[in-house]
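Written below as structure tokens is the structure these notes are about.
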Amino acid sequence: MEENEKAPVDLPLAYRLLYPRNVVLVSCIDKSGKANIITLAWSMPVSIDPPMVAIGLTPRRYSYKLIRETGEFVVNIPTMDIVRETLFCGRRTGIEHDKFKEAPLTPLPAKMVGPPIIKECVAHLECKLRREITIGDHTLLIGEVLTAHANRRVFDERFDIKKLKPILHMGGDNFLTVTPEMVTPQLPEDSKRS
Ligand SMILES: Cc1cc2nc3c(=O)[nH]c(=O)nc-3n(C[C@H](O)[C@H](O)[C@H](O)COP(=O)(O)O)c2cc1C
């Protein structure tokens, strides 16, 4: 095979060409205040001002129902220290499991929303649901970030990758993290910033 020759990829697997993706743990609550956690590989920032993030869930997820009922969720950033707990929250449903107890992970009160933050995570984005866009078998839930907080030891304008091991998902039960070398390519002086 020639070096740049490409082989066809089955369309249901085409999304994996966009991997690895950093994993988040989203916390949410039911109407009575009972908390749940869902593991997500599909999340992204979608606006800086106002700060908005999108998470992609299939409507089959119990957490989808909870987030729509209460209109609130927290995006928590886990590290490799809790990769086993992260997989657990992505392979069990909150209908049958108390994931905070069983993972186990520790709930702490959030500042501005009902769902708790997860103590073992290094950063938290507290969100109010603003929009919903159904696309095929997933729905994008778009939240406005009301407040965000991060561990100062590992975040100062950007994560310090020498100290933090983010969880990157490769698909299935496979994860990896990043190496400490950061690359900052230099563009020609006349190139415009955007
Ligand atoms: C690494 C990983 C990433 C996942 N990413 C997503 C995702 O982006 N969207 C989604 O709907 N489900 C995703 N899942 C599946 C849910 O986390 C899983 O179905 C979970 O058990 C749902 O919990 P719930 O029923 O309590 O809502 C992922 C699972 C794993 C392990």
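Order of listing sets the numbers, starting from 1, for every ligand and every atom in it.
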Inset, instruction - Return each pair, listed once, that meets side-chain hydrogen bond (donor to acceptor under 3.5 Å, both in side chains) where at least one residue sits in residues 32-41; pairs must be two or more places apart or across chains. - result: D30-S32, N36-S63
Inset, instruction - For E69 and Y64, test the side chains for any donor-to-acceptor distance below 3.5 angstrom and give the result as yes or no. - result: no
Legend entry - Ion pair R91/D173, N-O distance below 4.0 Å: yes
Legend entry - E5 side chain vs E2 backbone, donor-acceptor pair below 3.5 Å: yes
Legend entry - Salt bridge present between E102 and R92 (N-O < 4.0 angstrom): no
Legend entry - Per-ligand residue contacts, ligand 1, heavy-atom threshold under 4.0 Å: N36, I38, T39, L40, A41, W42, G56, L57, T58, R61, Y62, S63, L87, C89, G90, R91, R92, T93, G94, K99, H138, H169, F175
Legend entry - Pair R130 + E144, salt bridge at N-O below 4.0 Å: yes
